[in-house]
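Reviewing the structure listed below.
Because only heavy atoms are used, hydrogens play no part in the values below, and waters and symmetry mates are left out as well, while side chains stay in. Just so you know, ligand 1 is whichever comes first in the structure, and atom 1 is the first atom listed for that ligand. Starting from 1, each residue takes its place in the sequence as its number.
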Amino acid sequence: MSFSNLGLSDKVLAAVAATGYTNPTPIQEQAIPHVLSRRDVLGIAQTGTGKTAAFTLPMITLLEKGRARALMPRTLILEPTRELAAQVKENFDKYGAGQKLNVALLIGGVSFGDQDLKLSRGVDVLIATPGRLLDHTERGKLLLTGIEVLVIDEADRMLDMGFIPDIERICKLVPFTRQTLFFTATMPPEIRRITETFLHNPVKVEVSKPASTAVTVTQSQVGVGREAHEKREMLRQLLRDAKDLKNAIIFCNRKRDVAVVYKSLQKHGFSVGALHGDMDQSARMAALDQFRKGELPLLVASDVAARGLDIPEVSHVFNFDVPHHPDDYVHRIGRTGRAGRLGTAISLVSPADQKSVAAIEKLIGQPIAHSDVAPVAVSNTPRPPKEPRAERASEDRKPKRESQRSRGGRNRTRKPEAAEMPVAAQPASIGRAMPPLSREPHEPGDHSHLPAFLLRPIRARG
Ligand code: AMP
């Protein structure tokens, strides 16, 4: 099957050819003809399957006819995070090149004034996070009555983040006759209910089992003690010993731990960035950009911040914390082993994590192999002189998932990003250029044991 058989316009086919894609992915092959024939689509697909192009390519084709009117966007795409929204916009810029499409982003962290101006000029494609969109409609600056196509992307993550009441409200503000394209990686009961309420006779397109993990990912678990500093030492050891490590995402369950692990790795001489929901938009984008370009080979992230990000060629995923929800494990390790490449996923497992590991193994239908890593010699290893305060504060608290804090509906005065807890000790330099790594590390010793690329100095940004 080639792209030219799907019914896409010549302009879109030319843009696809320019990106170098030769064949549609299974979700594209199955969904695009239905989108073009104006059917509702329920796509069950994870990120990494090409699902973004599965809706952007046919939407651009459909939008070639007709014009946008002031304050009345023609299509609306809902995304759970600002990064995902920005990524979808990049897709429109890429595939809609030379088409004069007006694409607007309504996301937190950008001034209302700039967004209002854009809306007043007429918008073909509006890409929004739910909270910011409702803020605009409530201010009377936006009418959703002209929406022809509504895309709800990453619906299960919207559920996790407590956005479902917002989604229901938005679905009632758009015309009943619109076309709805709905994408989710999993189908929990609440998502099923939403699809039954808001989709009209949808075509169901499922590209892989929701709980499957790519066969190209080697998964293993490493036992660690329950103390956070033991876990950090083990992480460093794993990073130093990892074979063929090009770049890695290190996942933590809580935002405050993202900050702590980031700071700790930085102190130990690693070139590392961080990504979590409390960073401002430009810092997040800068960190992501540096990671994408390979300037920062390591990225410490929370689930919410990293969900669905299009980061090609991640060689390793480390679970600094075992996720409490098995679905998150599948999403995390889906960052590596993409498009048939080989990947490695290593989880640090403390005694308290056994239950979570058992739930993950049940979901993925296979055991996670135990790896023989010599236990960290905690007693012989001097601890850094001063531990970051946030860590001690967090140790005796019951872990709570970021998303659980925001369940139960949306506080209308709150931005979506505020659904996450504040970070107790947010490093000042998160996402910005890292200092050259010639300074003394906190612990005695040098950096000669580190792979050269982890020691590469980072170019300062202006
Ligand atoms: P997504 O699932 O939308 O996040 O896409 C995952 C990655 O696949 C992105 O880097 C896309 O640029 C890439 N991609 C999308 N469609 C194709 C295709 N037909 N052939 C090769 N790569 C693709």
Side-chain angles (χ1 to χ4, degrees), residues 1-9 12-33 35-36 41-61 77-97 103 125 127 151-158 181-186 205-210 212-214 216-217 246-247 249 275 288-289 291-294 301 303 305-315 317 330-341 343:
M1 171 69 85
S2 89
F3 275 106
S4 55
N5 301 330
L6 300 177
L8 294 166
S9 71
V12 170
L13 287 175
V16 169
T19 64
Y21 301 158
T22 45
N23 295 103
T25 64
I27 185 106
Q28 292 164 1
E29 190 177 319
Q30 293 174 60
I32 288 172
V35 179
L36 290 171
V41 171
L42 168 55
I44 302 177
Q46 297 171 23
T47 49
T49 55
K51 74 175 165 62
T52 316
F55 60 84
T56 51
L57 298 178
M59 280 175 76
I60 297 168
T61 298
I77 299 170
L78 297 174
E79 294 288 339
T81 64
R82 299 186 282 193
E83 283 78 11
L84 278 168
Q87 241 167 248
V88 171
K89 180 167 184 307
E90 280 169 22
N91 268 255
F92 277 98
D93 294 342
K94 188 164 64 176
Y95 305 130
V103 183
V125 183
I127 307 164
V151 180
I152 300 171
D153 195 19
E154 300 272 339
D156 49 353
R157 177 56 41 158
M158 302 261 202
L181 314 175
F182 191 100
F183 293 89
T184 184
T186 57
V205 176
E206 188 166 358
V207 294
S208 68
K209 256 174 55 211
S212 63
T213 51
T216 48
V217 181
K246 284 200 207 77
N247 55 358
I249 304 183
L275 201 65
L288 195 56
D289 201 41
F291 185 70
R292 273 214 192 97
K293 288 181 183 152
D303 290 292
R307 173 69 172 231
L309 291 179
D310 177 20
I311 306 164
E313 297 195 55
V314 175
S315 72
V317 166
V330 177
H331 287 298
R332 286 181 184 186
I333 78 162
R335 311 283 89 223
T336 187
R338 297 174 93 175
R341 295 188 192 101

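Ranked by closest heavy atom to atom 22 (N) of ligand 1, the top entry among F3, F183, Y21 is Y21.
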For residues 51-61, dump all side-chain donor-acceptor pairs below 3.5 Å to protein atoms at least two apart in sequence or in another chain.
unit_1	atom_1	unit_2	atom_2	d
K51	NZ	D153	OD1	2.8
K51	NZ	D153	OD2	3.3
K51	NZ	E154	OE2	3.2
T56	OG1	T52	O	2.9
T61	OG1	S9	N	3.3
T61	OG1	L57	O	3.2

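Near T49, meaning under 4.0 Å from one of its heavy atoms, ligand 1 places the atoms 2 (O). Residue contact check: T25 has heavy atoms under 4.0 Å from atoms 17 (C), 18 (C), 19 (N) of ligand 1. Listed by number with element, the atoms of ligand 1 under 4.0 angstrom from any heavy atom of T52 are 1 (P), 3 (O), 4 (O). Contact atoms of ligand 1 toward N23: 18 (C), 19 (N), 20 (N) (distance under 4.0 Å to a heavy atom of the residue).
Residue L78 holds its CG atom at 6.0 Å from CD1 of I152, rounded to the nearest 0.5 Å. Interatomic distance, I44 CD1 to F182 CZ, rounded to the nearest 0.5 Å: 9.5 Å.
Inclusion of Q28 in the set of residues having an N or O under 3.5 Å from an N or O of ligand 1 is warranted. Backbone and side-chain nitrogen or oxygen atoms of G50 are examined, and one is located within less than 3.5 angstrom of a nitrogen or oxygen of ligand 1.
A heavy-atom separation below 4.0 Å is not found between V16 and ligand 1.
The shortest non-hydrogen separation linking I27 to T49 is CG2-O, 3.3 Å. When every heavy atom of G50 is checked against every heavy atom of T25, the shortest pair comes out as CA-OG1, 4.0 Å.
S2 is linked by a side chain to side chain donor-acceptor pair (under 3.5 Å) to S4, counting only residues two or more places apart in sequence or in another chain.
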